[in-house]
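One structure below.
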2 protein chains.
Amino acid sequence: MSSRGKVITLQEVAVRAGVSRMTVSKVLRGAGNISAETRQRVKQAADELGYLPNNLAGSLSSRKSRMVAVIIPSISDIVFSEVLSGINSTLRPRGFQTFIGESHFEPETETELIRAMLSFRPAGILLNGGMARSADAEKLLARRSCPAIQLWDCDRRALDFSAGPSHEESGRLVANHFLERRLRRIAYVGAELDRDLCARRRHLALKSSLAGDGIDLLSVTCENRPRQAATGRFLTEQLVRTHPEIEAIHFLNDAMALGGLSYLHEAGLPVPERFSVVGFNGTSLANAVRTRLTTIDVPRTEIGEKAAQALLRMTEEEDVPEFWQAPLALVQGNTTVAA
Amino acid sequence: MSSRGKVITLQEVAVRAGVSRMTVSKVLRGAGNISAETRQRVKQAADELGYLPNNLAGSLSSRKSRMVAVIIPSISDIVFSEVLSGINSTLRPRGFQTFIGESHFEPETETELIRAMLSFRPAGILLNGGMARSADAEKLLARRSCPAIQLWDCDRRALDFSAGPSHEESGRLVANHFLERRLRRIAYVGAELDRDLCARRRHLALKSSLAGDGIDLLSVTCENRPRQAATGRFLTEQLVRTHPEIEAIHFLNDAMALGGLSYLHEAGLPVPERFSVVGFNGTSLANAVRTRLTTIDVPRTEIGEKAAQALLRMTEEEDVPEFWQAPLALVQGNTTVAA
DNA sequence: TGTCGCTTTGTTATCGATAACATTCCCTAA
DNA sequence: TTAGGGAATGTTATCGATAACAAAGCGACA
């Protein structure tokens, strides 16, 4: 099963082309001065034999690999997979391979992933910010021999470069949006805030911005349910039951907001007349059939691209700023009244 | 930037523990007979030095790597990223690293990805089925020295194992759903059918099932727009304008269906009374605020898991069946009338 | 004619591990 | 006493490339 075709090495190409291994290596990498005639002969030999370079050997020998490690909380959460996509589409054309890890916001899992990934001696490692980092993880990162980049968080900068939004800015944007509309009975609905420090920071920024206007934010969260529509729906129901006076809700993300909206709709509570709702992310979800969710748009793909670009520059020993702050935009939908 | 901590090798651990490299290697891999006392000494030395194995060297030497290549059409399409997530969460606990490529349904891109990924000498390669494969890609795959698995397609089996749904079955399920409801003026709305052979097969199965009942399927597709909500909306508008008699639509996926629904809603065409709509995938999208899309549910995560499990078994030289057919379920929502 | 200097190609050591086999040690049983 | 045998550890070759330097070939010019 696992051994079909014979694997061809440089040596065999060299023999066929009548040159040394080194010459073949140079030709195939486009390095050194090789005559056109030799080059052509080598290429043909490699072609005829179906030679495929062994990247493991090459990387070991040259002590530089073209693999980049990425650790995100969830692969199937569109929010992170779009960042990943931005990373990959920037790195691929430059010959770098992306490999991935899923942390689920768990520090221990992240630590193990960092260990596993660093042992591939990658050209760089990109980690999602906004989660607690174990002491072991810090130790591993301190001993790394490649650039490291933080994704998704630009408030608390770390590692060699940070690319992401300011979550505090997001919280403030939402606060202002509510305040401009003279909404004063405001709630926040979220989940997993114990692990997701970015979401927590958005929450805190909202809370303190509102506090500045004498408003006390009501928070409804739970730690043991996923950050998905069903949870948003469940918590909204709780919220409305226990605090019928609430008139505006900010959700941890768009998915939870949609879940909340579906409850409000079924409970006959009109949006935006009775309830204002604001999400976070600006995912395609936000434009549901009859609902355009008011939300904070985050340029996720671009975050990945900027991070990857910074990595490429560091790889080439070029100077790189310390961070890239992703611009945020509050997108007015029909779940809050127009200004 | 790229050289901070000194990198520790087996040799240095060996010196510190007062044993040979080989002994250290054995201890750390848990191989061979090593006395408890030596084991403990070696482990402590490795720990104190912060030793991190070099996977490149290890894989090169043992001629077996723990990397698995995955090529999917799109990383940020939830449909494929959930498959990827299933793969990764099965492989990770077994010590395998997943690395990814994005083909965008382009055969040339896929070919280059296969080439790049095989040169890492992976333990296996998982490719999305349902797209044309270039001759070069076939050649590369023929010469591979690892198991190869096809994802997302079980009709046309290929490689060592196929895990996915039968797209023909899906087409038939949708046809029956429409027929049972006595709908006869039926349309299909899709995009990129030139590249996505799975979608094409669903379409053809629908068409021929309907033809069996003397119904002529109307197809509205375009090749140069993405398979997203906006395209679904656009094509639905076209469809309704040019063929006002249509009473049921099957969409390529849930996202396009939602786009179509938003147009139908704004045009004042009631669903399901005037229009029946069926999507494909069973994504979380399907449950929008007031709409529960009738759709075909595909167990995406499980497809990834089964594929990864098969790969693991092949790696251990165990026998594996030729395929795993993912069960499909038509989920009744409120965009078609109940049976 | 000899040598300088360039282009082109080859030699050798090395990267950091593992496989396969060799060796040492110690205990037991004849 | 000694051979036999298993447990524990070490030696050597190798994996497939690249780096760094060495050498060969060749023309030009003094």
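In what follows, chains carry the letters A, B, and so on, assigned in the order in which the sequence lines appear, proteins first and then strands, with residues in each chain numbered from 1. Worth knowing before you read on, the calculation uses all heavy atoms, side chains too, and leaves out hydrogens, waters and symmetry mates.
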Report the distance from atom [atom1] of [X] to atom [atom2] of [N], rounded to the nearest whole Å.
X        : N      : atom1 : atom2 : result
B:Asn54  : D:dC15 : CG    : P     : 18 Å
B:Leu52  : C:dA17 : CG    : P     : 9 Å
A:Leu60  : C:dA13 : CG    : P     : 18 Å
A:Leu49  : D:dG16 : CG    : P     : 15 Å
A:Arg41  : C:dT8  : CZ    : P     : 14 Å
B:Tyr51  : C:dG16 : OH    : P     : 10 Å
A:Phe120 : C:dG16 : CZ    : P     : 17 Å
A:Arg66  : D:dA17 : CZ    : P     : 17 Å

**Q.** Stepwise side-chain contact (heavy atoms from CB on, under 4.5 Å) check, A:Ser162 with A:Glu322
**A.** CA-CA 7 Å; A:Ser162 300; A:Glu322 212 190 319; over 6 Å; no

Check whether any side-chain N or O of [X] sits under 4.0 Å from OP1 or OP2 of [N], and answer yes or no.
X       : N      : answer
A:Arg21 : D:dC15 : no
A:Thr23 : C:dG10 : yes
B:Ser61 : C:dA17 : no
A:Ser59 : D:dA17 : no
B:Thr38 : D:dT9  : yes
A:Arg63 : D:dA20 : no

Q. Taking C-beta and beyond as the side chain, do A:Asp160 and A:Arg144 meet within less than 4.5 Å on heavy atoms?
A.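 Yes, side chains in contact.
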
Q) Is there side-chain contact between A:Phe105 and A:Glu192, with at least one heavy-atom pair below 4.5 Å? A)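 Sidechains of A:Glu192 and A:Phe105: in contact.
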
Q: Please tell me which of A:Ala57 and A:Val19 maps to the more 5' nucleotide of DNA chain C, matching each residue to the nucleotide holding its nearest heavy atom.
A: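 Whichever sits nearer the 5' end wins; that is A:Val19.
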
Q | DNA chain D: 5'-proximal contact among B:Arg39 and A:Leu10 (nearest heavy atom) | A |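 Upstream on the strand: B:Arg39.
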
Q: Consider the side chain of A:Met22, meaning its heavy atoms from C-beta on, and name the nucleotide among D:dG10, D:dG16, C:dT11 that approaches it most closely.
A: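 Closest of the options to the side chain of A:Met22: C:dT11.
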
Q. Across the strands shown, which category fits B:Asn33 at heavy-atom distances under 4.0 angstrom: base, sugar-phosphate, nothing?
A.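 Base: the residue B:Asn33, judged by heavy atoms under 4.0 Å, touches a nucleobase.
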
Q: Would you check, one step at a time, whether the test side-chain hydrogen bond (donor to acceptor under 3.5 Å, both in side chains) holds for A:Glu48 with A:Gln44?
A: CA-CA 6 Å; A:Glu48 287 166 0; A:Gln44 189 182 335; 2.7 Å; yes

Q.
I need the B:Asn55 CG to B:Leu60 CG distance, nearest 0.5 Å.
A.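 So the gap between those two atoms works out to 11.5 Å.
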
